[in-house]
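First the structure, in the form of structure tokens, and then the observations on it.
Scope of the values below: all heavy atoms of this structure, side chains included, with no hydrogens, waters or symmetry mates. Each ligand, and each atom within it, is numbered from 1 in the order the structure gives.
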Amino acid sequence: MNFKISCTVPDIGEAEANNVAYAIKTGWISSKGQFVTEFENNFASFCGSKYGISTSSGTCALHLALAALGIGNGDEVIVPDLTFVATANAVKHIGAKPIFVDVDRSYWCLDPNAIPSRITNKTKAIIPVHLYGHPCRMDIISEIAEKNGLYIIEDAAQAHGAEFRGKRVGSLGTVSCFSFFANKIITTGEGGMCLTNDPDLAEKMRLLNNHGMRPERRYWHEVVGYSFRMTNLQAGIGLAQLEKLDSFIEKKRKIAFMYASRLRELEDEGLIKLQCEAPWAKSIYWVYCLLVNNSSAITRDILAAELGKRGIETRRFFHPMHSLPPYFTSEKFVVSEYLSEVGINLPSSTKMEMSDVDFIVDEVYSVFKHK
Ligand SMILES: *Cc1c(COP(=O)(O)O)cnc(C)c1O
């Protein structure tokens, strides 16, 4: 279906095209090439981390981080019940078991209070996901991890540049993983990256990412490696995108504040709830989200259908992981189940004009037959 206004649109242009053309002209189109190293270094430095290892997707970044930490068969990894499925899939692919934990009711990320009761002697790591651009409560999660000897693998795929108490995500765990899929705040088409401050872990990830072979000893494979590398073509796009990341974040926040200020009346009437930003957080509002009061006449699904008819694309929140066929259990995750039923993403592409936000807000009011 073609919408007048889409949820997210890649914001790419001439600088990206020039880098891709340069890679093609010079013949450096594989994972060897100057853009790859430059993108890894610059992105790591943007996030306040030392080492960057780029990958072909965010899912591969998670897989690589888990593998480098030696996580595998018989191990358990704590994963939020509300996330994009890749977080759980990477754990499953490595042979470990994702142990789901409910999320916080106000900012929708991994609930630190719900973690301790899910830790067993098989638990090896926690994967906090900075959902929809909002950071997790990293201080408490770090305390829990430290006390129990667990690794923290940040899944920052939706939160490039978000901050916890003034520190950028991606620098707050043992290792962090990013995605540069086309709908993320910056993109390389497909792509991902692992960041870490640990030189040994960085070296291990590099080794595993390159068929288990060190560049200085050709065809000698020390370990069973992977081929998850990013190409120089993608990294060229990424480098140009990184230049724009600060302005993208500013734009996303501007869009979010505009939605919030104009939709507050509906919130005051109890018809919707606006996306929140915790006092200790700087969200990048990757997508703007609302919770719809499903006990009123206009439910989330009705709002989505009505906006769709008016040419406005929306997305429902993710399904709870434990409700999906590969991960099904009858356990209850009250908050995640609730959010999944009432949550909706509104368009918040950096290419939008403020008049587009105005138009969408007007249409939301018209669906609620307000004024
Ligand atoms: C996008 C995303 C990923 C990785 O996605 P890829 O498509 O593999 O790059 C992982 N986790 C979360 C939370 C995501 O949103």
Side-chain angles (χ1 to χ4, degrees), residues 7-10 39 43 47 52-67 77-94 98 100-101 103-104 107-110 125-136 138 141 152-162 169-170 172-173 175-195 209 226-231 234-235 237-238 241 248 252 275 283-289 315-322 324 326-327 336 339-340 343 345 348-349:
C7 262
T8 53
V9 181
F39 184 45
F43 188 70
C47 296
I53 295 90
S54 57
T55 57
S56 48
S57 73
T59 309
C60 287
L62 287 162
H63 195 124
L64 188 65
L66 287 158
V77 177
I78 304 273
V79 170
D81 191 49
L82 190 68
T83 180
F84 178 61
V85 72
T87 322
N89 285 352
V91 173
K92 189 89 173 171
H93 281 311
I94 205 87
F100 299 118
V101 164
V103 295
D104 181 272
Y107 59 90
W108 315 337
C109 297
L110 195 56
I126 303 173
I127 309 188
V129 179
H130 308 301
L131 201 73
Y132 298 129
H134 194 287
C136 294
M138 291 306 291
I141 294 172
I152 294 179
I153 303 168
E154 285 180 79
D155 182 339
Q158 304 182 357
H160 319 56
V169 303
L172 307 171
V175 53
S176 63
C177 302
F178 287 84
S179 164
F180 305 109
F181 182 67
N183 69 2
K184 306 293 157 111
I185 187 161
I186 57 170
T187 183
T188 59
E190 302 274 356
M193 202 182 297
C194 295
L195 302 182
N209 205 15
Y226 301 96
S227 178
F228 285 165
R229 298 175 309 278
M230 176 183 279
T231 66
Q234 292 164 292
I237 300 174
Q241 287 273 283
F248 287 171
K252 290 271 192 196
Q275 188 168 9
S283 172
I284 60 150
Y285 293 97
W286 167 55
V287 284
Y288 192 73
C289 307
R315 299 263 166 90
R316 56 158 297 145
F317 271 26
F318 304 116
H319 289 276
M321 291 300 105
H322 79 275
L324 300 174
Y327 302 112
S336 149
L339 293 172
S340 174
N345 307 146
S348 50
S349 138

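- Residue Thr187 comes nearest to Ile237 through the heavy atom pair O-CG2, 3.4 Å, listed as atom of the first residue, atom of the second, then distance.
- Residue-to-ligand polar distances keep Ala86 apart from ligand 1: every N/O pair is separated by 3.5 Å or more.
- In this structure, atom 2 (C) of ligand 1 lies nearest to the protein heavy atom Lys184 NZ, 2.5 Å.
- Distance alone, capped at 3.5 Å, places no donor-acceptor pair between the Lys92 side chain and the Pro98 backbone.
- Heavy-atom contacts of Thr59 reach the following atoms of ligand 1: 4 (C), 5 (O), 6 (P), 8 (O) (cutoff under 4.0 Å).
- Ring centroid separation for the pair Phe181 and Phe84 does not come in under the 6.0 Å cut-off.
- Given atom 11 (N) of ligand 1, the protein heavy atom at minimum distance is Asp155 OD2, 2.8 Å.
- Between the side chain of Ser176 and the backbone N or O of Glu154 there is no donor-acceptor pair closer than 3.5 Å.
- Between atom 12 (C) of ligand 1 and the options Ala157, Ser179, Ala90, the minimum heavy-atom separation is to Ala157.
- Every atom of ligand 1 is numbered from 1 in the order shown, and the set under 4.0 Å from a heavy atom of Gln158 is 13 (C), 14 (C), 15 (O).
- For Ser56 (side chain) and Phe228 (main-chain N/O), a donor-acceptor pair under 3.5 Å exists by modelled atom type.
- Every N/O-N/O distance between Trp286 and ligand 1 stays at or above 3.5 Å.
- Ligand-side atoms of ligand 1 in range of Val129: 13 (C), range being under 4.0 angstrom from any heavy atom.
- When heavy-atom distances to ligand 1 are checked against a 4.0 Å cut-off, Thr83 comes that close only through its side chain, counted from C-beta outward.
- Taking the six-membered ring for Trp and the full ring otherwise, His322 and Phe100 have centroids separated by 6.0 Å or more.
- Taking the six-membered ring for Trp and thresholds of 30 and 60 degrees, Phe39 and Phe180 have ring planes inclined between 30 and 60 degrees apart.
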